[in-house]
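Below, chain A is the first sequence line, B the second, and so on; all start at residue 1.
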Amino acid sequence: MNCNVVKGTRDFLPQQMNKRNYIFNVIKEVYKLHGFSQIETPALENLSTLMGKYGEEGDKLLYKVLNSGNFLDKLDFESEQTKDYKKLTNKISEKGLRYDLTVPFARFVVNNRNEITLPFKRYQIQPVWRADRPQKGRYREFYQCDADIIGSDSLLNEVELCEMIDEVFTRLSLKVEIKLNNRKILAAIAELIQQEDKIIDITVAIDKLEKIGYDKVCEELIQRGLTKDNLNKIEPILKLEGDTKSKIHALKIFFQNSTIGQKGIEELEEVFQTIESLKLNSKVEFDITLARGLNYYTGAIVEVKCVEVPMGSLTGGGRYDNLTGIFGMPNISGVGISFGADRIYDCLEELKRFPQDISNTTTLMFANFGKQEEKQCVVWAKELRKENISAEVYPDSVKLQKQMKYANEKLISYVALVGERELEEGEIELKNMITGEQKKLNIDQIKEMLKS
RNA sequence: GUAUGCGUAGCUCAGUUGGUUAGAGUAGUGGUUUGUGGUUCCAUUGGUCGUGGGUUCGAGUCCCAUCGCGUACCCCA
């Protein structure tokens, strides 16, 4: 019997759950502080909702769920449709596991348009699934923690999201760098060389600028169908140096004849100006090479890198102008971010930066000395719980050594020893498991002591 | 989809140019201690060496296949 978990998925032990919940709670607190409300959506969505939103590569990575019942019934095995696996897939699978939380959210907004008021600020913390090859910081099932504002064009939203990113990583004591760009600037680049249809190829290639260098990026761009002439035209953009202000200034001149380029730069400039007044802890900078693969972004794009650990991006996001349009609700713009909780976990773990006091366990355990004693312990345990003190009674009357070991492993703070003697006196021998001290107390004294 | 590394006890791993009955630490169990853990000492359970085939007098070790896992690409949180 094979009892492994599926590749790229994990079991979470109690101690790991404590750490994970610590991350989720920090994120939740910040979201709530900014007035976002929580929603959830189903793990399963119709494939028609998911397909075509993430690019060609994304479609491949969707987990598809086989139709129930005898899905062969309606198939015509002579037709071409059953010989091409992609076409066959469409015939036998109509549902899939969600790939992210943004697309289901857009569907949610359209579906529940009468229940919500725009602008709508929601947060959502749920797992998503991708049929990827797992590796460091990459899983097939992982949690995204999304916050989105839909139904507002204001760039204040972009600013607020950056502020939230900064707040979350400050609270987690992780040093990060926030990188901003704008899809409109990338579109202007494509426009400049009249290769508008190659915008994805261009962005994907220049995304690697830092990683593989200018020459290799050029090689890749040529492979993707650009000409030498094209490359000469965009070279000055890719080789832009200096701080954010000077880069923006240079681009302003460069794109003076491009409407979309001007728009992108204006947006970027406004966001940066407002962010500056907030005095964030994290470095926020303009990065022209930041592309982000997801197809639906149209305006600002943002990505967060940990400066202390080599790891893929910890957070990503951007503005999408027409995601709800696909579901029949046009002209509504949204902007959002998503924290990758699992990658943040890996970073904190590698840096040993989880706080010490996040274990969440029983406060007091009654050791079990036998039938007579356990009856009294059960009653006392209930009294403690009434005071909101977590308590448990060890279920078996086994060697005390084993019981103590259990309490120790579980990091239980107090063990109550109630044997024949204590039962007669109506008192409890209370052992502090950290200091090792022992005291005789009655139940009311214990309540008082542990209440705070 | 491409490349590459690794599968030996529940877990972490040793195992020599192929050589007798495959080891250690840790966890588990029992005792030392019939009322005291983290931290004593002793004993003890546990493995078809991922699976199948081949080479050989002989394979955990070499070869082939297959399955599983990891890492780096592509792409992405």
If the cut-off is 4.0 Å, is [X] near the phosphate of [N], judged by side-chain N/O to OP1 or OP2?
X      : N     : value
A:K208 : B:C74 : yes
A:K405 : B:G28 : yes
A:Q135 : B:G70 : no
A:K399 : B:U36 : no

Pairwise [atom1] distance for [N] and [M], with rounding to whole Å:
N     : M     : atom1 : result
B:U71 : B:G58 : C1'   : 37 Å
B:G46 : B:U12 : C1'   : 16 Å
B:U2  : B:C49 : C1'   : 31 Å
B:C69 : B:G30 : P     : 36 Å
B:A59 : B:U40 : P     : 43 Å
B:A27 : B:G10 : C1'   : 7 Å
B:G7  : B:G15 : C1'   : 15 Å
B:C6  : B:U61 : P     : 14 Å

Between P on B:G38 and CD on A:Q403, what's the gap in Å once rounded to a whole number?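 So the CD-P distance, A:Q403 to B:G38, works out to 15 Å.
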Specify the separation, in whole Å, of atom NZ of A:K440 and atom P of B:G35.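 One finds 14 Å between P of B:G35 and NZ of A:K440, rounded.
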Note: [X]-[Y] ion pair, threshold 4.0 Å (strictly below):
X      : Y      : result
A:E141 : A:R130 : no
A:E220 : A:R224 : yes
A:E387 : A:K451 : yes
A:K371 : A:E374 : yes

Per the atom types in the model, does the base of [N] pair as donor or acceptor with the side chain of [X] at under 3.5 Å?
X      : N     : value
A:R130 : B:C76 : no
A:K431 : B:U36 : yes
A:N408 : B:G37 : yes
A:R133 : B:U2  : yes
A:E422 : B:G35 : yes
A:Q438 : B:U36 : yes

When the ring planes of A:Y296 and A:Y320 are compared, do they come out parallel, tilted or perpendicular, using 30° and 60° as the limits?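 Judged by the thresholds at 30° and 60°, the geometry between A:Y296 and A:Y320 is perpendicular.
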A:Y139 ring centre to A:R10 NZ or CZ under 6.0 Å, with the angle to the axis within 45°?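 Checked: cation-pi criterion met.
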Between the side chains of A:Q195 and A:N230, is a donor N or O closer than 3.5 angstrom to an acceptor N or O?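 Short answer, yes.
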Is a donor from one side chain sitting under 3.5 angstrom from an acceptor on the other, for A:Y54 and A:D59?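 Their side chains do not contain a donor-acceptor pair, so the 3.5 Å distance test is not met.
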Looking only at the side chain of [X] (C-beta and beyond, no hydrogens), which of the listed nucleotides [options] gets closest?
X      : options             : answer
A:E429 : B:C76, B:U29, B:U36 : B:U36
A:K136 : B:G70, B:C75, B:U71 : B:U71
A:M404 : B:G35, B:C76, B:G37 : B:G37

For RNA chain B, the expected dot-bracket line (Watson-Crick or G-U under 3.5 Å, [ ] crossing, | inter-strand) is (((((((..((((.....[...)))).((((.........)))).....(((((..]....))))))))))))....
How is A:K211 classified with respect to the nucleic acid when contacts are heavy atoms under 4.0 Å: base, sugar-phosphate, or nothing?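 Since only primed, P, OP1 and OP2 atoms lie under 4.0 Å of A:K211, the category is sugar-phosphate.
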Closest-nucleotide mapping onto RNA chain B: is A:G8 or A:G58 further toward the 5' terminus? I mean the 5' end.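 First, find each residue's nearest nucleotide; the 5'-ward one identifies A:G8.
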If you find the nucleotide of RNA chain B closest to A:A205 and the one closest to A:T9, which residue's nucleotide is nearer the 5' end?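 The answer here is A:T9.
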CD1 on A:I344 to CE on A:M311, rounded to 0.5 Å: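 Taking CE in A:M311 and CD1 in A:I344, the distance rounds to 10.0 Å.
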